[in-house]
Amino acid sequence: MLNEASAAETDTASSPDKDAPLKEDIRLLGRLLGDVLREQEGDAVFNVVETIRQTSVRFRREEDADAALALDTMLKQLTREQTNSVVRAFSYFSHLANIAEDQHHIRRRRAHLLAGSPAQKGSVSFALKKLRAAGVPRATVDTFFQDALIAPVLTAHPTEVQRKSILDAEHDIARLLAERDTPQTPKERLANMQLLRSRVATLWQTRMLRYSKLTVADEIENALSYYRITFLRELPALYDDIEDDIAAEYPHPDGTVTPIAAAYVQMGSWIGGDRDGNPNVNAGTMQHALARHATTILDFYLDEVHALGAELSVSTLMVGVSTQLQALAEQSPDASPHRSDEPYRRALIGIYARLAATARALGATNILRKEVGAAAAYPDAGAFVADLRVIIASLEANHGAALARPRLATLARAADIFGFHLASLDMRQTSDVHEKVLADLFAKSGVESDYCALGEDAREALLLSELAQPRLLYSPFITYNEVTDSELAILRAARDIRARYGARAIRNYIISHTETVSDLLEVMLLQKETGLLRIDGDSASGELMVIPLFETIPDLQRAAGIMGRAMALPLVKQLIARQGQLQEVMLGYSDSNKDGGFLTSNWELYKAELALVADFRQAGVKLRLFHGRGGTVGRGGGPSYEAILAQPPGTVNGQIRLTEQGEIIASKFSNAEIGRRNLELLVAATLEASLAPQAENPQHTAQLAHFEGVMAELSNLAYKAYRHLVYETPGFTEYFFAATPIAEIAELNLGSRPASRKANQRIEDLRAIPWGFSWGQCRLLLPGWFGFGSAIGAWINQAEGLKDERIATLRTMYAEWPFFATLLSNMDMVLAKTDLAIASRYAELVADHELRERIYKRITEEHGNTLQCLELITGNTERLAGNPLLARSIQNRFAYLDPLNHLQVELIKRHRALSTENKVDERVHRGIQLSINGVAAGLRNTG
């Protein structure tokens with residue numbers, strides 16, 4: 001769906017019945033699901049579902065003790081078969097409601113456009129109008145698009161709970177629902193209804209869960225499905241729209257539209273290259289990922305070229321062609337006399353043959369349409385684009401410009417964007433592994449017997465010395481440990497992949513847990529060992545940009561210092577110069593949140609960015625930030641548009657990468673139109689954040705410094721409150737593992753990566769993703785708000801007699817500082833999704849009564865304080881007052897989501913009771929997994 005918390009998406013239409021079509025769609029899909037439920041499971045199950053829904057609604061609205069007792073009794077009386085049917089019914093309703101909501105977003109957006117409404121906030125058109133009004137010239141805008149890189153990076157973290165089969169069925173339902181908005185004859189309407197009913201029945205009869213562990217290959221295929229649905233067509237089309245928007249806002253005297261040559265939005269991926277904590281990723285998965293990438297994009301090119309061959313039936317008997325086009329036609333293996341006067345078709349047949357040969361060379365095994373004859377493979381995507389440009393130029397020079405658009409020009413644009421690699425695959429590994437590999441290489445080469453025992457200064461000296469050596473540490477005649485062999489094989493595979501698929505196929509190497517300069521130098525030395533980095537005297541060139549990832553609070557605090565020291569090294573200076581005086585730094589939102597809480601994590605990220613900007617400016621290096629955002633607000637989630645605009649000054653500058661993770665990928669990109677809108681939001685926000693003039697008067701600077709000083713104090717107070725609960729309260733770990741479905745989540749076949757870094761129950765070792773996922777399932781969403789109330793309350797009351805003044809300061813911060821406003825907006829969304837009545841049911845899972853009461857009381861008191869403080873600052877007593885679109889969404893969905901939580905609690909009770917007897921009931925276990933799926937679908941950003 002559209003970025004659901006985005007103010008840019010707030011519905012501003014004034015019609016009182018603007019939600020009527022949404023309600024109608026929800027009723028329709030709910031009725032169809034009910035019909036299927038009756039037909040498949042019988043009236044008894046249908047009646048149970050309805051009774052549970054009604055009782056749950058009463059419990060939600062009134063927190064009625066009688067309703068709670070009735071609900072509890074009802075759930076306990078369900079048979080195992082009934083329980084799973086009820087869970088499936090509510091889970092599928094969540095899915096269907098999401099489809100209806102997505103369709104309504106599209107409907108409302110089209111209504112705005114058809115009504116000729118002003119450009120929406122969040123559109124590129126809106127951003128351009130704002131920039132032009134601020135006096136930003138056309139030349140500056142053109143330079144931005146020539147130099148920019150905006151890269152959504154798809155990752156395969158274990159929060160995506162949907163099977164591809166389910167996604168495919170839902171895509172069909174969405175398409176059929178959209179058809180109902182267009183005029184239909186009675187017969188067409190009936191056929192549409194019959195197809196909808198059949199697709200809902202198919203959904204019901206399709207297994208919702210995976211019963212085998214997801215492999216990296218499965219994750220790759222899941223991600224590729226979004227390219228076919230959205231990216232392959234919508235991204236090139238977005239480029240066309242942006243060119244039109246620029247021409248409309250900055251018109252050329254002769255009315256022409258100037259094409260943008262650069263590929264300023266490119267796709268990235270971690271799937272198959274992210275080894276951090278995932279033993280299933282290796283050289284083979286990287287090679288498999290690129291082969292599948294290449295197959296996907298080349299299949300698309302082949303289909304488009306084939307379609308162009310049918311369309312471009314232009315004859316030289318009717319119109320002339322360029323000499324270059326005629327030469328391209330002569331090179332074709334097509335010698336049919338029927339096409340002797342059709343050079344465009346002959347040229348395209350030749351292009352098809354070359355693409356087919358390229359596809360086979362790059363790993364494709366099944367070319368659906370056999371080419372006419374043999375032809376040489378393309379050496380690179382640039383040569384393919386050059387052939388397409390010959391066709392376009394010939395058409396434009398011979399009265400055929402209209403024939404080049406949309407398919408041909410869009411295909412050429414797609415080839416510029418996607419090349420033969422589709423998406424750049426990032427490599428990632430933790431610094432600890434690099435240390436072990438080099439310790440092995442140093443010891444067995446006789447250079448250093450105990451590298452791990454060296455201090456930082458000694459490590460840096462040794463690494464720089466080895467980087468300057470012409471010889472290698474590695475010898476093919478020595479036996480190394482398994483980790484060393486695997487890591488070196490991966491780097492060698494990266495070198496081969498770049499040679500085969502192009503330099504953009506792999507160009508980034510990310511180091512998790514970067515804590516020292518030596519962590520960067522270690523990866524450089526490993527690149528030298530595998531031919532990816534070459535040093536010849538005073539000249540150095542590397543193929544992969546070495547990118548530090550700063551994740552924890554201490555790491556963020558050290559980030560600028562580490563980068564300042566690294567950029568002062570002559571070798572690093574040379575490598576950065578070869579990178580165009582550009583260096584990327586990745587910031588992790590997840591671990592910093594788990595480490596220090598919501599408020600402190602956001603503040604430390606903000607401070608780290610400012611410090612990095614200052615150090616990079618001093619070094620004369622352009623900074624590109626890579627934001628490791630997750631799905632939940634606690635992991636950096638929330639609306640991307642506002643998040644980019646709230647970045648500190650100087651941190652965007654046309655360069656931004658950010659992760660798209662888990663089920664957020666499906667919610668943003670499983671519908672083509674919504675996917676295009678989300679891509680546009682990224683471009684618009686980056687454009688505005690990069691070029692909008694910054695106020696630089698002394699008064700503004702002084703005010704911002706004051707705001708930042710207040711934020712530092714609040715962060716310190718919030719950090720203490722969060723750490724005291726999570727890491728210093730006796731029994732909190734036990735409470736967390738009992739009062740959330742973390743253990744059951746770990747058993748789901750969600751992804752190829754384990755839920756914890758180590759086999760224990762320490763929160764420190766738990767991955768941030770299942771940490772946030774668990775709090776979402778029990779509807780507390782604690783990582784997105786805890787500590788705020790304590791911090792605000794303590795700060796306001798610290799200075800005697802200044803309470804009113806401090807409240808006024810916080811309100812001014814909210815009104816005038818985008819960073820603070822976005823922080824509170826995201827927290828507002830989290831609190832809107834938090835439900836203490838539901839959370840209290842999960843607290844009952846804690847067997848120790850004293851522990852349960854002690855910790856749950858702490859949490860609920862902080863929740864109350866947080867609500868009061870948020871209302872005090874914003875003046876809003878209702879959640880999501882500034883985002884009625886999301887408020888209505890929650891109202892529509894959550895009455896049907898609550899029963900799933902109640903059912904989940906009952907199933908967990910049964911499952912854990914059986915576990916004490918070393919027994920497992922597969923139906924109960926499956927029911928828990930189904931409920932997790934349904935809750936995740938209903939919340940829509942749980943990981």
Side-chain angles (χ1 to χ4, degrees), residues 514-515 547-568 576 581-589 591-593 595-629 636 638 640 642-658 685-686 688-716 718-719 791 809 812-814 816-824 826:
T514 302
E515 298 173 340
I547 300 168
L549 167 52
F550 300 106
E551 300 173 89
T552 65
I553 298 295
D555 289 349
L556 290 169
Q557 292 170 342
R558 289 191 293 259
I562 290 170
M563 292 310 298
R565 283 189 63 194
M567 290 188 296
I576 289 174
Q581 246 0 68
L582 171 75
Q583 174 62 45
E584 184 172 300
V585 173
M586 184 173 185
L587 301 177
Y589 289 66
D591 286 320
S592 58
N593 178 277
D595 188 26
F598 172 65
L599 199 69
T600 300
S601 171
N602 278 275
W603 176 237
E604 291 297 339
L605 284 158
Y606 181 94
K607 285 200 307 177
E609 291 182 41
L610 284 177
L612 285 165
V613 166
D615 277 23
F616 272 64
R617 186 178 291 124
Q618 185 175 355
V621 177
K622 190 171 186 178
L623 170 65
R624 178 168 65 220
L625 286 174
F626 183 7
H627 299 270
R629 292 158 50 90
S640 300
E642 279 83 358
I644 293 171
L645 290 182
Q647 293 299 304
T651 58
V652 180
N653 293 329
Q655 300 283 320
I656 192 167
R657 296 208 303 148
L658 67 167
T686 307
E688 195 173 330
S690 300
L691 300 187
Q694 300 292 327
E696 295 185 359
N697 60 71
Q699 184 179 356
H700 178 268
T701 303
Q703 184 187 53
L704 182 58
H706 178 53
F707 290 168
E708 291 173 348
V710 172
M711 193 65 202
E713 295 180 42
L714 293 174
S715 173
N716 184 50
Y719 180 79
T809 295
T812 305
M813 289 168 64
Y814 174 66
E816 299 183 14
W817 191 17
F819 167 77
F820 194 64
T822 300
L823 188 91
L824 267 58
N826 285 338

Closer than 3.5 angstrom, by distance alone: can the side chain of N653 be matched with the main-chain N or O of G650 as a donor-acceptor pair? yes
Just wondering, do V585 and R624 contact through their side chains at under 4.5 Å, heavy atoms? no
Indicate yes or no: at least one non-hydrogen side-chain atom of T701 is less than 4.5 angstrom from one of L704. no
Work out which heavy atom in M813 is nearest to a heavy atom in V710; give both atom names and the distance. SD-CG1, 3.7 Å
Tell me the closest heavy-atom pair linking A791 and L599, and the distance in Å. CB-CD2, 4.2 Å
Counting neighbours of CD on E816 that are heavy atoms of other residues, nucleotides or ligands and sit closer than 6.0 Å, is the number greater than 12? yes
State, yes or no, whether a side-chain contact exists between M563 and R558 at a heavy-atom distance under 4.5 Å. no
Please evaluate residues Q647 and H627 with respect to the criterion side-chain contact (heavy atoms from CB on, under 4.5 Å), reporting the C-alpha separation (whole Å), side-chain torsions for both, the decisive distance (0.1 Å), and the verdict. CA-CA 11 Å; Q647 293 299 304; H627 299 270; 3.1 Å; yes
Is any side-chain heavy atom of K622 less than 4.5 Å from a side-chain heavy atom of F616? no
If we ignore hydrogens and angles and just use 3.5 Å, is the side chain of Q581 paired with the main-chain N or O of G620 as donor and acceptor? yes
Shortest non-hydrogen separation from L605 to L556 and the atoms involved: CD2-CD2, 3.8 Å
Just by distance, no angles: are the side chains of D595 and S592 close enough, under 3.5 Å, to form a donor-acceptor pair? no
Exercise: identify the closest heavy-atom pair between L549 and G588: CD1-N, 3.6 Å
Below 4.5 Å, heavy atoms only, C-beta onward: do F707 and T812 meet side chain to side chain? yes
Going by heavy atoms in the side chains, are M711 and L823 under 4.5 Å from each other? yes
Under the salt bridge (Lys or Arg N to Asp or Glu O under 4.0 Å) rule, collect the residues that match up with E604, sequence neighbours excluded. K607
Work out which heavy atom in L610 is nearest to a heavy atom in P648; give both atom names and the distance. CD2-CB, 3.5 Å
When you measure from the side chain of S690 to the backbone N and O of G654, does any donor-acceptor pair fall under 3.5 Å? yes
Any sub-3.5 Å donor-acceptor pair from T822's side-chain atoms to A646's backbone N or O? no
Are the side chains of V621 and Q583 in contact, using a 4.5 Å heavy-atom criterion? yes
List the atom of V613, the atom of T651, and the distance in Å for their closest heavy-atom pair. CG2-CG2, 3.3 Å
Verify side-chain contact (heavy atoms from CB on, under 4.5 Å) between L625 and E584, making sure each step is shown before the conclusion. CA-CA 6 Å; L625 286 174; E584 184 172 300; over 6 Å; no
Side chain to side chain donor-acceptor pair (under 3.5 Å) contacts in which one or both residues fall within residues 705-716, not counting sequence neighbours: T600-S715, Y606-E708, E713-W795
Indicate yes or no: at least one non-hydrogen side-chain atom of Q557 is less than 4.5 angstrom from one of F550. no
Residues M567, I576; criterion side-chain contact (heavy atoms from CB on, under 4.5 Å); working and verdict: CA-CA 8 Å; M567 290 188 296; I576 289 174; 3.7 Å; yes
